[in-house]
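Single-structure report; data block below.
Quick caveat: nothing in here was measured; it's all calculated off a predicted structure. Chain A is the first sequence line, chain B the second, and so forth, proteins listed ahead of strands; every chain is numbered from 1.
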Amino acid sequence: MTEKPTLLKQVIVYTLLTIGAFMMAFPFVWMLSTSLKTLGAVSQLPPQLIPNPVQWANYETVWNRVDFGRYTFNSVLIVTIDLIGTLVSCAFVAFGLAMFNFKLRKVLYLAMLATLMLPFQVTLIPSYFIWKSFGMLNSYYPLLIPSFLGGAFGIFLMHQFFKSLPRELYEAAVIDGCNPLGIFWKIYMPLCRPALSALGVFTFIGAWNNTVGPLIYLQDRELYTLPLALLYLKSDTQINTALLMAAAVIVTLPVVAVYLVAQKQFVQGIASTGLKG
Amino acid sequence: MHKQGYWGYIFTLPFIVNLLVFVLFPIVFSAYIAFTQWDLFNAPRWVGLDNWIQTLTDPPFWISIRNVMVFSLIFVPLQTVFAFIIAYLLNQSIRGKSLFRLFYFMPVVTPWIAGGILWVWLYNYRFGLINWTLDSIGITPIHWLDNKHWWVVIASVAIANVWKGIGSSMILLLAGMQNVPKEMLEAAAIDGASRWVRLTRIIFPLVSPMVYMVMILSTIASFQAFDVFLGMFGSITAGIPEQHMVTNLIIYRDAFLFFKMGPASAMAWLLFVIILSITLFQRYFEKRWVHYD
Amino acid sequence: MKNKAKVVMMMSLSAVLLSACTLSNSGSGSAPGGSGDGETVRITLGLPGGYDVTNKEIIDGFIAAHPNIEVDIQEAPWGDFTNRIATQIAGNTMPDLWFQENAVILGYGQRGVAEDLAPYIERDLTTDDYIDTLFAAQTPEGQVWGVPHGANPIALAYNKTIFEEGGVALPTDEWTFENLIEAAKQLTQTDANGNTEVFGFIGSSSITQGWFPWIKQAGGMVLDETLTESRFDDPNTIAGLQQLRDGIADGYFMDGDSITAYGGELPAFGSGKSAMFFLQYSTQVTMNNDFPDTDWDVVKIPRSVDGERYVPTVSNSWLISSRASQEAKDASWEFLKYYLGDEAQAILAESGSALPVKQSALALLEDSQTKPANKLAFTDGIAEGGVTLDENASWNEWRIAVQQIVNEIVKGNVTPEAGALDIHKRVQDILDSQS
């Protein structure tokens with residue numbers, strides 16, 4: 001920006017941003033602090049923010065209670081494949097919807113929106129029938145295959161993003177002799193890094209925290225994923241709040257890490273790649 | 001928009017397959033079940049319009065629709081406006097913006113297992129932080145989650161959901177703002193356009209497709225509110241008062257706890273029709289303010 | 001246009017066919033084992049809540065004793081087991097044998113999901129060896145849809161330290177609810193600002209520890225003996241709810257806000273914020289783990305106004321799928337016989353997670369060294385006055401309807417009279433729609 005806002009304005013903005021940030025992050029901080037408390041400290045009123053004494057043993061206890069290693073491996077496997085499938089297929093389909101004029105375009109666009117609106121409560125059982133008829137129960141296929149066929153949310157996101165890119169870009173590429181596949185892969189994909197990384201974050205969170213799918217489709221405990229471990233602990237009568245929060249922190253930290261990596265990406269768009277409209 | 005229509009089919013083929021294989025059957029099936037009595041075990045028994053009539057004349061259903069509507073009216077504007085402001089500010093060259101972005105995103109990753117406990121405590125009438133603050137500045141404490149007026153309760157839940165949802169919308173809008181060419185803003189600044197003019201005339205129009213999407217998605221999500229209500233009220237079996245129930249909770253309860261898939265499906269379809277009409281209504285106004293380049 | 005219509009028709013047709021196939025396929029989820037001798041049977045066993053030590057020990061013991069039966073274990077977290085089992089039932093892929101809340105089992109029985117175990121019990125068990133809870137899943141018509149995984153009665157837990165400091169005589173088995181209320185008043189301590197530091201009793205709004213015992217002790221009833229008529233219009237029922245509400249309104253029973261602030265009912269009692277509490281048997285494990293230093297014990301639930309004793313008892317029950325093959329049913333019954341046998345029941349007794357239903361195993365508890373010392377409060381209590389929570393096939397439905405309004409009564413948003421009449425109408429509607 002060329003001109004600097006006045007100092008007063010800056011102070012106001014910073015103060016508001018800081019208060020907001022504190023309010024937003026407070027529950028997470030509380031979760032972190034509770035995970036390090038002794039049980040007596042948990043039910044203390046008013047609650048103390050900084051645990052004293054710090055109870056690192058909580059982490060050891062939950063870590064030993066659940067086979068976190070195994071579940072983390074499973075979750076990482078599923079999430080990685082899901083991510084690849086979702087990013088490519090959603091961008092691919094959205095490109096078609098955003099760039100070309102064809103008869104079914106409107107129908108598909110509406111169908112995409114409509115699939116977002118169907119409550120899972122009534123589609124869960126018929127979907128189960130489908131996977132049963134494919135003989136794919138108790139495997140990862142029901143969790144993986146759909147991600148390669150374009151999910152509504154991702155298509156919507158990428159569609160809106162493609163639509164907001166300058167139209168001349170496409171014309172120029174055609175003149176340069178590129179075919180649509182080439183244009184998609186070589187020109188548009190690199191450009192939508194911000195949107196792709198945002199979609200990546202959402203896909204990661206969605207797949208990482210998915211409990212309904214794994215619960216319904218997986219039967220062997222060896223196949224279970226990380227958030228199921230959290231559900232197990234939640235239903236364990238011998239677990240207390242401090243231990244539950246320690247487990248929640250273990251499950252949550254990878255998401256924070258992924259977000260930090262992705263964050264650098266989705267703020268580097270056209271503006272920094274040097275391309276102009 | 002380009003004329004080579006067959007390319008459109010090539011690109012959208014995966015999604016067409018998805019619709020035919022994984023979406024069509026669940027839709028047809030649940031529509032069929034909505035006309036039957038089905039306990040998930042014995043064969044479905046055709047009952048014609050019974051489930052539909054029963055649902056449409058059921059006061060709790062309409063209470064739940066009223067609740068999601070009010071929930072949505074509070075949640076969608078608050079979350080969209082705040083997310084836009086935050087995204088705009090965090091897209092400026094300010095110190096520590098990565099840290100701010102992380103903090104504002106934290107609620108998205110904080111599970112309701114933790115978030116729920118904390119919000120319930122914040123809202124606690126006698127020991128909550130909010131009422132403690134009010135009390136210390138001389139305002140009478142308020143019953144938040146157990147108010148006699150249903151709308152106070154729904155509004156309290158909606159605000160907890162704004163906390164949870166702002167981070168997602170912020171990311172989408174931030175991603176959208178990366179498409180605004182810096183040169184365009186600099187040129188406008190040199191021409192003497194104020195910050196406000198640049199924001200409303202250049203940035204907002206260019207980001208409007210993303211704003212539109214954020215609104216559509218949060219509208220749909222608020223009509224399907226589920227997790228946030230469980231986070232605030234515990235479980236369905238804990239007896240969430242009828243005045244505070246939302247439609248998806250009733251659908252879930254009827255289908256999976258009461259094994260009444262027929263009425264649950266009819267209710268789900270009615271909810272679907274309501275969401276669809278509202279989305280189409282939003283789409284009708286889309287042309288007035290959303291700018292596709 | 002014509003083509004389009006054709007395509008749509010074809011697709012809908014295939015969809016309906018697919019659904020028809022799924023729904024009419026009534027084969028069993030389990031196939032007989034394929035090993036050479038042809039005698040091995042494979043059963044699938046659904047375990048909600050995780051493979052805890054009790055279950056593991058018992059199942060391992062069973063497998064060791066029955067080499068001809070292979071056991072596949074399917075687990076799911078407790079609260080989410082419902083989703084999964086409902087989907088599996090719909091898809092005909094349910095386990096041969098699993099356990100859930102007793103009331104849910106009664107619903108399964110009505111729908112035909114559960115095998116009637118009455119003939120099996122009659123053939124193989126000496127019912128005198130068991131307490132009445134063995135028949136928690138029996139219908140008035142005599143079918144038995146399941147057998148208990150364990151019984152979970154409540155007793156009156158009290159904090160000795162608070163009683164001694166307050167100079168109040170410790171509770172006895174001869175107490176009535178009047179004694180409880182009086183003691184609660186005496187034991188409640190407030191600080192200089194009028195904030196309550198210690199409550200006399202925890203005013204739970206839940207069914208087992210709250211409204212059900214309070215209604216019963218006042219001489220009221222929830223449902224009638226046939227479990228088909230609501231009794232929420234009974235003046236005694238209303239009186240019971242009134243007493244619960246009064247305790248909270250007058251400040252000697254802990255209110256919901258305080259319970260939430262202390263992290264729940266058990267932590268509130270465990271950390272000494274309340275002198276008394278209706279403690280469920282299974283939660284003694286948590287008490288001992290999390291609050292080892294609290295000096296507490298239990299006595300039987302106080303007597304009701306008519307001198308009777310009602311000990312609300314929750315149980316989870318095992319059921320056998322009616323769609324399992326006959327071999328799988330027989331093998332599953334073998335497992336249940338083993339589960340109800342001395343060895344397995346003793347393991348259950350030792351775990352403390354539920355009371356065994358076999359007398360011989362109950363007797364073992366007398367030697368138990370863990371807190372509470374007076375385990376007779378549970379074992380004698382259940383023998384003397386163990387009652388289910390008026391469970392029938394529509395229990396889940398009417399219980400939630402009651403709970404929604406009781407929550408409002410307990411908070412004081414609705415008066416007990418008005419609330420009870422509202423409940424009465426709703427519960428009766430639900431009961432009527434079942435028949």
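Counting heavy-atom pairs closer than 4.5 Å to chain B, the top residue among A:Pro126, A:Gly151, A:Ser35 is A:Pro126. Contact tally against chain A (heavy-atom pairs below 4.5 Å) for B:Leu99, B:Leu172, B:Ile86, B:Val23: the top residue is B:Leu172. If you tally non-hydrogen atom pairs under 4.5 Å between each of B:Ser30, B:Ser98, B:Gly96 and chain A, the highest count goes to B:Ser98. Of the listed residues (B:Tyr212, B:Phe223, B:Trp269), the one with the most heavy-atom contacts under 4.5 Å to chain A is B:Tyr212. Annotation: maximal heavy-atom pairing with chain B below 4.5 Å, among A:Thr18, A:Leu16, A:Thr241, A:Val13, occurs at A:Thr18. With chain B as the partner, the residue from A:Leu181, A:Leu199, A:Val251 showing the most heavy-atom pairs under 4.5 Å is A:Leu181. When the candidates B:Asn248, B:Val108, B:Val17 are compared by the number of heavy-atom contacts under 4.5 Å with chain A, B:Asn248 comes out ahead. Of the listed residues (A:Ala25, A:Pro180, A:Pro227), the one with the most heavy-atom contacts under 4.5 Å to chain B is A:Pro180. Listed options B:Gly176, B:Ser168, B:Pro205 were ranked by heavy-atom pairs under 4.5 angstrom with chain A; first place goes to B:Ser168. Among the candidates B:Leu129, B:Ile166, B:Ile216, the residue making the largest number of heavy-atom pairs closer than 4.5 Å to chain A is B:Ile216.
Distance CD/A:Gln121 to CZ/B:Arg253: 12.5 Å, rounded to 0.5 Å. With rounding to the nearest 0.5 Å, the separation of CD1 in B:Ile251 from CZ in A:Phe120 is 10.0 Å. To the nearest 0.5 Å, atom CG of residue B:Leu24 and atom OG1 of residue A:Thr115 are 12.5 Å apart. Interatomic distance, A:Ile125 CD1 to B:Trp38 CH2, rounded to the nearest 0.5 Å: 5.0 Å. In this structure, the separation between CD1 on B:Ile85 and CG on A:Leu17 is 10.5 Å, given to the nearest 0.5 Å. A distance of 8.0 Å separates OG1 in A:Thr34 from CD1 in B:Ile117, rounded to the nearest 0.5 Å.
Within the 4.5 angstrom heavy-atom criterion, atoms from both the backbone and the side chain of A:Phe156 approach chain B. When heavy atoms are compared at a cutoff of 4.5 Å, B:Ile220 approaches chain A solely by way of its side chain, counted from C-beta outward. Heavy-atom distances place the side chain of B:Leu19, and not its backbone, under 4.5 Å from chain A. Contact of A:Ile205 with chain B is made through the side chain alone, with heavy-atom distances under 4.5 Å. Contact annotation for B:Ser208: neither backbone nor side-chain heavy atoms come within less than 4.5 Å of a heavy atom of chain A. Contacts between A:Tyr109 and chain B at a heavy-atom distance below 4.5 Å involve the side chain alone, from C-beta outward. The part of B:Phe256 that comes within reach of chain A is its side chain, from C-beta onward, which places non-hydrogen atoms under 4.5 angstrom from that chain. With a 4.5 Å cut-off on non-hydrogen atoms, A:Phe92 touches chain B through its backbone and its side chain both. Looking at B:Leu13, there are no atoms closer than 4.5 Å to chain A (heavy atoms on both sides), in backbone or side chain. In this structure, chain A has a heavy atom under 4.5 Å from the side chain of B:Leu40, while its backbone stays farther away. In this structure, chain A has no heavy atom under 4.5 Å from any part of B:Phe82. In this structure, the portion of A:Phe184 lying under 4.5 Å from any heavy atom of chain B is its side chain and not its backbone. Using a 4.5 Å cut-off between heavy atoms, B:Leu89 contacts chain A through its side chain alone, with no backbone atom that close. Heavy atoms closer than 4.5 Å to chain A are found in the side chain of B:Arg283, but not in its backbone. A:Met117 touches chain B through backbone and side chain together, each having a heavy atom under 4.5 Å away. Interface residue B:Thr12: backbone and side-chain heavy atoms are both found under 4.5 Å from chain A. In this structure, chain A has heavy atoms under 4.5 Å from both the backbone and the side chain of B:Val109. In this structure, chain A has a heavy atom under 4.5 Å from the side chain of B:Met261, while its backbone stays farther away. Contact of B:Val21 with chain A is made through backbone and side chain together, with heavy-atom distances under 4.5 Å. Both the backbone and the side chain of A:Met112 come within contact range of chain B, judged by heavy atoms closer than 4.5 Å. Of the two parts of B:Ile27, only the side chain, counted from C-beta on, holds a non-hydrogen atom closer than 4.5 Å to a non-hydrogen atom of chain A.
In this structure, the side chains of A:Leu113 and B:Leu280 stay at 4.5 Å or more apart for every pair of heavy atoms. A 4.5 Å side-chain heavy-atom check between B:Tyr9 and A:Lys103 finds at least one atom pair inside the cut-off. Annotation: side chain of B:Pro111 is not in contact with side chain of A:Asn209 (no heavy-atom distance under 4.5 Å). At least one side-chain heavy atom of A:Ile130 sits less than 4.5 Å from a side-chain heavy atom of B:Pro26.
B:Phe100 approaches A:Ala21 most closely through the heavy-atom pair CD2-CB, 3.9 Å. Shortest non-hydrogen contact noted between A:Val93 and B:Phe15 is CG1-CB, 3.6 Å. A:Ala198 and B:Ile171 get closest at one heavy-atom pair: CB-CG2, 3.6 Å. Nearest approach of B:Leu217 to A:Phe153, heavy atoms of both residues: CD1-CE1, 3.3 Å. Here the closest heavy-atom approach between residue B:Asn18 and residue A:Gly150 is recorded as ND2-O, 3.0 Å.
Side-chain atoms of B:Trp163 come within 3.5 Å of backbone N or O of A:Met24 as a donor-acceptor pair.
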Carefully, step by step, assess A:Thr123 and B:Phe29 under the rule side-chain contact (heavy atoms from CB on, under 4.5 Å). CA-CA 8 Å; A:Thr123 53; B:Phe29 182 83; over 6 Å; no
Decide yes or no on side-chain contact (heavy atoms from CB on, under 4.5 Å) for B:Phe105 and A:Phe28, but give the supporting numbers first. CA-CA 11 Å; B:Phe105 189 72; A:Phe28 187 86; over 6 Å; no
Residue pair A:Tyr259, B:Arg101: steps toward the side-chain contact (heavy atoms from CB on, under 4.5 Å) verdict: CA-CA 10 Å; A:Tyr259 173 76; B:Arg101 282 179 192 148; 3.8 Å; yes
Trace of the side-chain contact (heavy atoms from CB on, under 4.5 Å) decision for B:Leu102 with A:Leu260: CA-CA 7 Å; B:Leu102 175 66; A:Leu260 284 175; 3.9 Å; yes
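Heavy atoms of other residues, nucleotides or ligands lying less than 6.0 angstrom from CZ of A:Phe134 number more than 12. Within 6.0 Å of CE in A:Met136 there are more than 12 heavy atoms belonging to other residues, nucleotides or ligands. By the neighbour-count criterion of 12 heavy atoms within 6.0 Å, atom CH2 of A:Trp185 is sparsely surrounded, having that number or fewer from other residues, nucleotides or ligands.
The aromatic rings of B:Phe11 and A:Phe100 sit parallel, their planes meeting at an angle under 30°, below the 60° perpendicular limit.
In this structure, the ring of B:Phe22 has its center less than 6.0 angstrom from the ring center of A:Trp131.
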